[in-house]
Amino acid sequence: HLGRVDFAFSLLGQHLKLGIPLKVIHFNILINGLIQNDRLDHAKVLLDKIVKLGFQPNIWTYTSLINGLSNADKLGEAVALLKKTEELGLRPDVVTYNAIIKGQCRVGDFEGARRLFREMQGNNNCRPDVTTYSTLISGLCKVGLFSHAHELFSEMKGQGILPDAIAYNTLIRATCMSGDWGKVTDLVAEMVESNIPIKVDTYGTLVDMYSKHGMLDQARDIIRFMIERGVTPDIITFTALLDGYCSCGRMGEASKLMELMAEKGCEPNVVSFNSLIKGYCKAQDPDGALSVFQKMVDEGPTPDVITFNSLVDGLCKNNRFSVALQFMNSMEAHGLTPN
RNA sequence: AUACCGUGUGAUCUC
C-alpha cells in the first residue's frame with residue numbers, strides 16, 4: 001500500500017531463508033500489492049512461480065488477478081480466468097463475479113454484466129449480494145440510466161437484501177442526477193428509519209450534487225447541517241462545494257470557503273487547487289489563476305497533469321495563448337507529460 | 001474458536 005512492493009518481496013525472501021513456512025495468503029498479499037501498483041504482468045509471473053514452487057493458489061489469489069485484469073479493461077482475459085478457476089476445481093465466489101461486473105459496467109458491456117448476473121442467480125455458491133447490486137446501480141447511473149437503477153434497487157429489496165449505506169449513497173446520487181430532490185429526501189429518511197447512520201460520504205454526495213446543479217446555497221446548508229450534527233466535513237465534501245463556486249466563477253465565496261477550511265483544520269489538496277485555477281480563469285482573472293499555480297509550486301501541493309490542463313485551457317479561454325504554450329512546454333520540467 | 005489477504009458509493013481538466 002506504500003508502493004514498496006520490492007521491500008515486501010525482500011521480506012518474503014528473508015522468511016524463505018530463515019525457513020519460516022509461507023502460506024498462500026502471503027503470496028496473495030504480494031500479488032494484490034503488485035496489482036495495486038500497476039504491475040499486472042509481474043503478478044501473472046508470480047502466480048506461475050508459486051504454482052511451480054508447489055503452492056496451491058486459492059480463489060482469493062485468482063480473484064486478485066481477475067480484479068486487476070478487470071480494472072485494466074481486460075475483461076476477456078478476466079472472464080477466461082474465471083472459467084479457468086472452475087476447471088481447476090476452485091469455486092469462484094460473489095467477490096470474483098463482482099470484480100468482473102464492475103469492469104463490464106465501466107466499459108459499457110451491460111450485456112456481459114447481465115450474463116454474469118444471471119449466472120450468479122443460478123449458482124448457490126455466489127448469489128448476487130448488496131455489492132453486486134450497488135456495482136450495477138452505480139454503472140447504470142454513470143450512463144444516465146437512472147430509472148433502471150431504481151428498478152434494480154427495488155429488485156434487490158424484493159430479494160430480501162438489505163441496502164447498506166453505500167447502496168443508498170449510490171442510489172441517492174442517481175436520484176440527484178435526475179433532479180428528483182423530493183425522492184432524495186425520502187431516501188435519506190429511509191436510511192434513518194433503517195438505523196443507518198448518515199455519515200460524511202452521504203453528506204458529501206449531497207453537497208456535490210447540489211453544487212453540480214448550481215444549487216450552491218443548498219450545498220452550503222448541507223455543510224452547516226452536518227457540522228451541527230457533529231459530522232466533520234472532509235476534504236472531498238469541502239472541495240465539492242468549492243468546485244461549485246469555482247464553476248460559477250464565484251471566487252469571493254470560494255475564498256471564504258478556503259478560510260473556513262483552514263479554520264476547521266482541513267488542508268486543501270491538489271484537487272482543491274486545481275478547482276481554484278479553473279475558477280479564476282472562469283472569472284476572467286487569469287492572473288489570479290497564475291498566482292494559485294505559483295503558490296502550488298512554492299508551497300505545495302505539487303501540480304499534476306490536471307493542474308496544467310486546467311491552466312492551459314483557462315489561459316486559452318482568456319486569449320493568453322503564448323503563456324498557455326509556455327506552461328505546456330514547462331510540464332516536463334515539472335516531471336509531467338502532456339496527456 | 002477469533003483475527004490477518006480479493007469486490008461496490010462522494011470532489012478537479014479535456015465547452
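A, B, ... follow the sequence lines: proteins, then strands. Residue 1 opens every chain.
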Kindly indicate whether the side chain of A:Ser64 and the base of B:G6 share any N or O donor-acceptor pair separated by less than 3.5 Å? no
Can you find an N or O donor on one side and an acceptor on the other, under 3.5 Å apart, linking the side chain of A:Asn269 with the base of B:A11? yes
Base, sugar-phosphate, or nothing for [X], non-hydrogen atoms under 4.0 angstrom?
| X | answer |
| --- | --- |
| A:Ser134 | base |
| A:Asp129 | nothing |
| A:Asp304 | nothing |
| A:Ile29 | sugar-phosphate |
| A:Thr61 | nothing |
| A:Thr132 | nothing |
| A:Val200 | base |
| A:Lys199 | nothing |
| A:Val130 | base |

Can you tell me if [X] and [Y] form a side-chain donor-acceptor pair at under 3.5 Å?
| X | Y | answer |
| --- | --- | --- |
| A:Thr202 | A:Asn169 | yes |
| A:Lys264 | A:Thr232 | no |
| A:Ser272 | A:Thr239 | yes |

Please state whether the phosphate of [N], meaning OP1 or OP2, lies under 4.0 angstrom from any side-chain nitrogen or oxygen of [X].
| X | N | result |
| --- | --- | --- |
| A:Arg173 | B:A11 | yes |
| A:Lys212 | B:U12 | yes |
| A:Lys102 | B:G8 | yes |

Decide if the gap between the ring center of A:Phe327 and the ring center of A:Phe293 is smaller than 6.0 angstrom. yes
Where the side chain of [X] is defined as all heavy atoms beyond and including C-beta, which of [options] is the nearest nucleotide?
| X | options | result |
| --- | --- | --- |
| A:Ser138 | B:G6, B:U12, B:U9 | B:U9 |
| A:Ile235 | B:A11, B:U9, B:G6 | B:A11 |
| A:Ile25 | B:A11, B:G6, B:C4 | B:C4 |
| A:Thr131 | B:G8, B:G10, B:C5 | B:G8 |

Less than 4.5 Å apart, side chain to side chain, heavy atoms only: is that true for [X] and [Y]?
| X | Y | result |
| --- | --- | --- |
| A:Arg220 | A:Tyr245 | yes |
| A:Leu276 | A:Leu242 | yes |
| A:Leu34 | A:Leu40 | no |

Would you kindly check if the NZ (Lys) or CZ (Arg) of A:Arg4 is within the cone defined by 45 degrees around the ring axis of A:Phe7 and under 6.0 Å from the six-membered ring centre? yes
Give the intermediate values and the outcome of ring-ring contact (aromatic ring centres under 6.0 Å, His included) for residues A:Phe153 and A:Tyr133. CA-CA 7 Å; A:Phe153 192 80; A:Tyr133 278 99; 9.1 Å; no
To the nearest Å, how far apart are [X] [atom1] and [N] [atom2]?
| X | N | atom1 | atom2 | result |
| --- | --- | --- | --- | --- |
| A:Leu206 | B:A11 | CG | C1' | 14 Å |
| A:Phe153 | B:G8 | CZ | P | 19 Å |
| A:Asn125 | B:U7 | CG | P | 18 Å |
| A:Phe27 | B:C4 | CZ | P | 21 Å |
| A:Met258 | B:A11 | CE | P | 19 Å |
| A:Tyr210 | B:G10 | OH | P | 18 Å |

Distances under 3.5 Å only, N/O to N/O: pair up the protein atoms with those of nucleotides 13-15 of chain B.
unit_1	atom_1	unit_2	atom_2	d
B:C13	OP1	A:Lys278	NZ	3.1
B:C13	O4'	A:Ser310	OG	3.2
B:C13	O2	A:Asn309	ND2	2.5
B:C15	O3'	A:Lys317	NZ	2.3

May I ask you to list the residues of residues 157-170 of chain A, by number, that have any heavy atom positioned under 4.0 Å from an atom of RNA chain B? A:Asp164, A:Ile166, A:Ala167, A:Asn169, A:Thr170
For A:Glu190, does the CD atom sit with more than 12 other heavy atoms under 6.0 Å from it, leaving out its own atoms? yes
Around atom CD of A:Glu267, are there more than 12 heavy atoms of other residues, nucleotides or ligands at under 6.0 Å? no
